[in-house]
Number of protein chains: 2
Amino acid sequence: MEEQHPHDRQENHDSPVEVRVVVFSLQEKKLQALFVPEDHADPGTRWTIPGMAVIGCPSLECIASECLSTYTNQHESYLEQLYTYSSPERGIISIVYFALVPQIAITTARQERPKQARWFPIDTPLLLVGDHAEILGYALRRLRYKLEYTAVGFDLLPENFSLSELQATYEIILGEKLDKRNFRRRILKANIIEPTPHQRAGEGRPARLFRYRHDAVAEVKTRRLFP
Amino acid sequence: MEEQHPHDRQENHDSPVEVRVVVFSLQEKKLQALFVPEDHADPGTRWTIPGMAVIGCPSLECIASECLSTYTNQHESYLEQLYTYSSPERGIISIVYFALVPQIAITTARQERPKQARWFPIDTPLLLVGDHAEILGYALRRLRYKLEYTAVGFDLLPENFSLSELQATYEIILGEKLDKRNFRRRILKANIIEPTPHQRAGEGRPARLFRYRHDAVAEVKTRRLFP
DNA sequence: GCAAAAGTGTTATGAATACACCCATGC
DNA sequence: GCATGGGTGTATTCATAACACTTTTGC
């Protein structure tokens with residue numbers, strides 16, 4: 001079994017089961033994901049999706065949440081199980097989650113973290129360990145897909161946001177331009193955001209700020225798609 | 001750890017990791033699922049979702065496939081990972097798949113099977129072990145959901161089928177009546193089935209038989225649903 | 001000829017798209 | 001006063017839903 005770190009509980013692969021969390025965030029108008037260097041000293045190091053070994057059988061969700069807070073200082077955020085991978089070659093079963101954290105949560109890593117994690121734009125050509133590139137690709141597809149039928153975009157934004165910021169979030173994740181008027185009409189008709197008394201000043205006319213209505217149903221009632 | 005069966009490899013819970021497969025099929029115009037008795041001799045036994053222990057770290061998909069063929073005589077069929085559950089109380093991590101097998105595959109159990117599995121309509125009030133009722137419920141929701149945006153209904157039907165049979169399949173799974181003309185128009189426009197030269201005789205006018213076009217894209221291209 | 005299931009079109013309503021200009025503020 | 005981003009409405013196209021009768025066979 002490759003790369004043993006006996007004193008490093010986070011990366012202990014003695015157990016054949018681990019939890020990994022693909023953490024997404026928006027930063028500098030780009031969709032970014034969090035990675036941990038395999039060997040911190042090596043400048044040409046390969047990178048890994050943040051993970052923790054599963055010791056015994058606690059709640060997997062709790063381990064994922066703990067992993068998230070260890071690497072991001074972020075407790076509350078969107079967290080969902082993605083898929084469970086087995087790699088017979090590496091002898092590890094990986095239960096993979098994906099998480100969305102708001103821009104605010106992006107802080108530089110604390111020193112006491114097991115390893116210094118770093119954000120990279122998702123289109124950065126990064127040398128990833130094992131099947132982590134495949135896992136990242138799947139997480140990305142799932143994120144884009146979820147965005148189209150759930151209200152998941154709000155988890156990447158701060159509490160209050162302008163409609164333009166919300167639209168930009170969608171455009172960044174989907175990788176395509178959206179029509180401003182159609183976007184606004186639909187998002188308002190969906191009845192999942194509400195105006196706040198606040199405004200955001202800046203260049204140009206100030207924007208009215210909205211917030212997500214937590215009492216709203218997150219899943220849009222789907223029309224039948226097939227047949 | 002409850003119920004040890006030292007001579008029964010299929011139900012060996014020494015390993016903290018297992019694979020379970022929720023197997024669905026259509027039988028007698030009902031959606032049915034496969035269950036294994038916890039104690040074969042006890043007439044008031046609780047039932048379990050078919051499963052196998054994970055020894056070492058082989059491919060999880062292979063284990064699920066093996067589990068499926070062990071209990072149904074069916075190798076090829078629709079098989080998809082559903083979710084990974086951890087129950088700290090029972091100390092087991094369960095990677096759950098769900099499978100769809102065609103009506104033909106429903107055979108009575110072979111004697112050499114580890115335990116006699118049985119089909120039950122999904123609305124049968126059955127005493128299930130642990131969190132298996134919750135798992136079954138989730139599998140059912142996922143099946144209904146998938147049916148609405150993928151071509152998954154065909155995996156429950158024989159190779160050739162009439163449009164009425166296909167519609168009945170949808171109605172049984174979704175639990176609602178569909179309009180015959182609208183159903184046909186949409187399923188034909190989707191371009192995923194093709195007519196065969198065969199007909200099915202029976203009461204009334206014979207039905208033209210169709211088959212699934214394996215070259216068709218199974219996933220319907222989704223329009224944006226949200227916002 | 002009648003019972004039983006197969007097959008077949010049209011209309012009305014609602015949703016999605018495409019598209020261009022005025023508004024409020026900071027400098 | 002001008003540059004910058006915020007905000008607003010309409011017309012067209014396409015998809016969905018509702019709906020009833022004729023056709024082919026076995027008996």
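- The phosphate of C/dT17 (OP1 or OP2) has a side-chain N or O of A/Arg186 nearer than 4.0 angstrom.
- Considering only side-chain atoms of A/Asn182, the nucleotide from C/dA6, C/dT17, C/dG9 that sits closest is C/dT17.
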* Between A/Leu31 and A/Phe24, is a side-chain contact (heavy atoms from CB on, under 4.5 Å) present by the stated rule, with each step listed? -> CA-CA 7 Å; A/Leu31 182 62; A/Phe24 288 116; 4.2 Å; yes

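- Atom CG in A/Leu163 sits about 6 Å away from atom P in D/dG7, given to the nearest Å.
- Remark: P of C/dC22 and CZ of A/Arg181 are 12 Å apart, rounded to the nearest angstrom.
- Summarising the geometry, the separation between CD1 on A/Ile193 and P on D/dG7 is reported as 11 Å, rounded to the nearest angstrom.
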* Structure fact -> Each nucleotide of nucleotides 21-27 of chain D classed B (base within 4.0 Å of a protein heavy atom), S (only sugar-phosphate) or -, in 5' to 3' order, makes --BBB--

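- Comparing A/Asp179 and B/Ser162 by the nucleotide of DNA chain C whose heavy atom lies nearest to each, the residue mapping closer to the 5' end is B/Ser162.
- Put simply, the side chain of B/Arg185 and the base of C/dG9 share a donor and an acceptor less than 3.5 Å apart.
- Within 4.0 Å (heavy atoms only), B/Arg184 reaches at least one base atom of the nucleic acid.
- Looking at B/Leu82, B/Leu79, B/Val23 one by one, the single match for side-chain contact (heavy atoms from CB on, under 4.5 Å) with B/Tyr97 turns out to be B/Leu79.
- Looking at B/Thr70, its side chain does come within 3.5 Å of a backbone N or O of B/Glu66 through a donor-acceptor pair.
- Across D/dC19, C/dA6, D/dG7, the shortest atom-to-atom separation from the side chain of B/Ala207 is found for C/dA6.
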* Could you please spell out the steps behind the side-chain contact (heavy atoms from CB on, under 4.5 Å) verdict for B/Phe120 and B/Trp47? => CA-CA 11 Å; B/Phe120 291 95; B/Trp47 296 80; 3.6 Å; yes

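- Counting to the nearest Å, the P atom of C/dT17 and the NZ atom of A/Lys177 are 17 Å from each other.
- With rounding to whole Å, A/Ile187 atom CD1 is found 15 Å from D/dT8 atom P.
- Going from atom CD of B/Glu165 over to atom C1' of C/dA6 covers 12 Å, rounded to whole Å.
- In this structure, CZ of B/Phe183 is placed 16 Å from P of D/dA18, rounded to the nearest angstrom.
- Contact check, B/Ser164 against C/dA5: no side-chain N or O comes under 4.0 Å of OP1 or OP2.
- Looking at A/Tyr145 and A/Arg141, their side chains never bring a donor and an acceptor atom within 3.5 Å of each other.
- Computed from coordinates, the B/Leu178 CG to C/dG7 C1' distance equals 17 Å when rounded to whole Å.
- A/Tyr170 has its ring centre less than 6.0 Å from the ring centre of A/Phe183.
- A pairwise comparison of heavy atoms in B/Arg142 and B/Gln81 identifies NH2-O, 3.0 Å as the closest pair.
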